[in-house]
2 protein chains.
Amino acid sequence: MKTTIKDIAQITGVSITTVSQILNNKGQRFSEDTRQRVLKAVKDHDYNPDYFAQNLIKRESKTIGMIVPDVTDLFFSKVIEGVEAYLTKKDYMILLCNSNHSHEMEKSYIKQLLNRSVAGIILASPNSLELETSLQSSPYLLIDRGLNTRAEGNLLVKEYEGSYESVQYLVNNGHKSIGMLTNELGYYEMSERYEAYRQCLTDNQISFQSEWIEDGPVTIEGGYEAAKRLLKRTKVTALCCGNDQMAIGTYRAAYELGLTIPDDLSVIGFDDLEISSYLNPPLTTVAQPAFEIGYTAATYLFQSIKNPGVKIPNKTFETEFIVRGSTQPVDK
Amino acid sequence: MKTTIKDIAQITGVSITTVSQILNNKGQRFSEDTRQRVLKAVKDHDYNPDYFAQNLIKRESKTIGMIVPDVTDLFFSKVIEGVEAYLTKKDYMILLCNSNHSHEMEKSYIKQLLNRSVAGIILASPNSLELETSLQSSPYLLIDRGLNTRAEGNLLVKEYEGSYESVQYLVNNGHKSIGMLTNELGYYEMSERYEAYRQCLTDNQISFQSEWIEDGPVTIEGGYEAAKRLLKRTKVTALCCGNDQMAIGTYRAAYELGLTIPDDLSVIGFDDLEISSYLNPPLTTVAQPAFEIGYTAATYLFQSIKNPGVKIPNKTFETEFIVRGSTQPVDK
DNA sequence: CTGAAAGCGCTTACAG
DNA sequence: CTGAAAGCGCTTACAG
């Protein structure tokens, strides 16, 4: 049997009101003597107010829900780490949901989370969403990555600018046939990167060839398969990969096709995962601050929980183009 | 205002008892008419029983806690994925805790989790633990990776056998100077792998040199630093890395020191992360079933929650030695 | 300085 | 077939 407040009251010989007030630092001053006696009993019996009973009244679940498309994705796990790092300091815990990139799952998770009276939700989804309706009243929502219909609580990254910069870099280095690996599902950030790529080609009078594009899942294997199809089919001197994981797959595809990076093929990723600088050759990529995105998301959400009226700010994160060994001038 | 059971009762014109019983499929049969009316009202108003009020009575939080040393670790995120995959089917959710390899954090998380009346806890910790006391009474515990003092609920991997096999393979291929990268913290599984390495050398009459060993954090960077120190200091023809991440770091270290894998140095990892087969060269490694470990952990824990009396089984997972391109005979 | 009472939103004997 | 009442373990006016 768990000890309850009643037990403590009985042991100490005071009322449960007194115990409760002392524990919550409420009410008028109690005699130091009773205070001590209560506190001692609490300690001796390792008493903790029941979470559910307490919440029935206080409505402070100190829990937030977080939904990610894939926990094993290196980008998202870094975001989770950031969220956790902030929230744990505030004594909040996070209910983690893995949506497997499924929009249906996301909706179902949101419902479950809401039922559990979470104080807020962080939804990391590249899907464009019409979730507003279900989320409107209750807790606060914060989206990372992805275009949204709402005016607040959007955490975005300069996908377009980051991607544009990387393509321009290739062009500046003499590349004229530049491929791109995108994803099959039309994710927001992938579209942005793709649009930037197209625009950059246009701006540089390079006429786009449809066979320069290939899509697949945004995973290592997805990148491998997509790159293999693309490289077998056509000759490009450089390949912009949707993200670093796809770039890793590309390394393998290139290797199998007898292409050396960067001599025969320049490769650029997006994300700057920890692993990317350790690849052979180290990957040229567009860095985005995954941990910071998570940390900021948590910070904003927390503030919003504490100040229900106030709007959640938006924030757009900068990217940083990092040149490493996987790219080189085309004529070298 | 959230709709409560009272609202539904009022709207339908029945008692709250009736609403509750219908919703829980309890009590004697109600007239089909009232059933329908209640169900409709519930639907119309999107009524959901309050999680806290319900739990105050039912004590079924349908939540488990999971503590991992590092969410961004590729092995653990795979384990998490396995846990989540099983639990989500059971309508359970998981409170994720990132202990950052800290024993103190683990203890603090366990306490918090217990306060929240989780139905069980999955602790993925390489630390040896004296947590039994705090966990004894309340929920069920399940440990993955790590030696423990308790007789049930241990999920282990054949670390020793897996490691031994890999070292023996090197010996069989003519390697006589074989280094090893371990971790600094004395993790259980790392000790096992190390012990197997030592024993295998002994069994093959290879006299161990202390400079063949180097330790560091079990991360990419940790492996990089450790390998660099080791390879600078001494000449080995093969290096067994504590895990795949360390092996990835080793690739970089070898590259920077002008060593070609596998020509100058054979490298073996442990884990078989998805990424490992995509490395250049593909990594020879000892595979362990991370997803399955997580899935099994969740299964056992769930069963134990449902059958409180019954002991949680132990399970030891097999490893599989996978030869890829990072190793070759020494005389080739 | 302290306690009896009401109430949070439910479920579950129990009675009719 | 249905409802009034007690109770889960707390907190919080309110009264003294």
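Proteins get letters first, then strands, A, B, ... in listed order; numbering begins at 1 in each.
- Taking every heavy atom of both residues into account, B:A298 and B:V83 meet most closely at CB-O, 3.7 Å.
- A salt bridge is absent between B:K111 and B:E104; no separation between the charged side-chain nitrogens and carboxylate oxygens falls under 4.0 Å.
- Within 4.0 Å (heavy atoms only), B:Y47 reaches sugar-phosphate atoms of the nucleic acid but no base atom.
- In this structure, CZ of A:R37 is placed 15 Å from P of C:dC1, rounded to the nearest angstrom.
- When all heavy atoms of A:E81 and B:T72 are compared, the pair lying nearest together is OE1-CG2, 3.5 Å.
- Here A:T17 does not reach the OP1 or OP2 of C:dG3: none of its side-chain N or O atoms lies under 4.0 Å away.
- If you take NZ of B:K58 and P of D:dG9, they are 17 Å apart, rounded to a whole angstrom.
- A:K6 places its NZ atom 11 Å from the C1' atom of D:dC10, with the value rounded to the nearest Å.
- Along DNA chain D, the nucleotide closest to B:L56 and the one closest to B:R35 are compared, and the more 5′ of them pairs with B:R35.
- Comparing atom distances between the B:I16 side chain and each of D:dC10, C:dG3, C:dT11 picks out C:dT11 as nearest.
- Closest-nucleotide positions on DNA chain D for B:S15 and A:A53 were compared, and the one nearer the 5' end corresponds to B:S15.
- Residue B:S20 places no side-chain N or O under 4.0 Å from the OP1 or OP2 atom of C:dT12.
- Closest to the A:Q54 side chain, of the nucleotides D:dC8, D:dT2, D:dT11, is D:dT11.
- Rounded to whole angstrom, the span from the CD atom of B:Q10 across to the C1' atom of D:dT2 amounts to 17 Å.
- Using a 30° and 60° split on the angle between ring planes, A:Y51 and B:F52 fall in the perpendicular class, above 60°.
- Atom CD1 in B:I5 sits about 16 Å away from atom C1' in C:dG7, given to the nearest Å.
- Spacing between atom NZ of A:K2 and atom P of D:dC8 amounts to 14 Å, rounded to whole angstrom units.
- If you check C:dC10, D:dC10, D:dT2 against the side chain of A:D50, the one that comes closest is D:dC10.
- You'll find that the side chain of B:I57 is closest to C:dC10, out of C:dG3, D:dG9, C:dC10.
- Here C:dC1 presents its P atom at 16 Å from CG of A:N25, a figure rounded to the nearest Å.
- Minimum atom distance to the side chain of A:P49 is reached by D:dC10, of the listed D:dC10, D:dG9, C:dT11.
- Of the side-chain N and O atoms in A:T18, none sit less than 4.0 angstrom from OP1 or OP2 of C:dT2.
- Between B:R35 and B:I22 the shortest heavy-atom distance is CA-CD1, 3.8 Å.
- An OP1 or OP2 oxygen of D:dC1 is reached within less than 4.0 angstrom by no side-chain nitrogen or oxygen of B:T34.
- Of the candidate nucleotides C:dC10, D:dC10, D:dT12, D:dT12 has the atom lying nearest to any side-chain atom of A:Q21.
- If you check every strand for non-hydrogen atoms under 4.0 Å, B:N55 touches nothing.
- Of all nucleotides present, only C:dC1 satisfies the Watson-Crick or G-U wobble test against D:dG16, with each distance under 3.5 Å.
- A 4.5 Å side-chain heavy-atom check between A:L87 and A:M93 finds every atom pair outside the cut-off.
- Distance CD1 (A:I22) to P (D:dC10): 15 Å, rounded to an integer number of Å.
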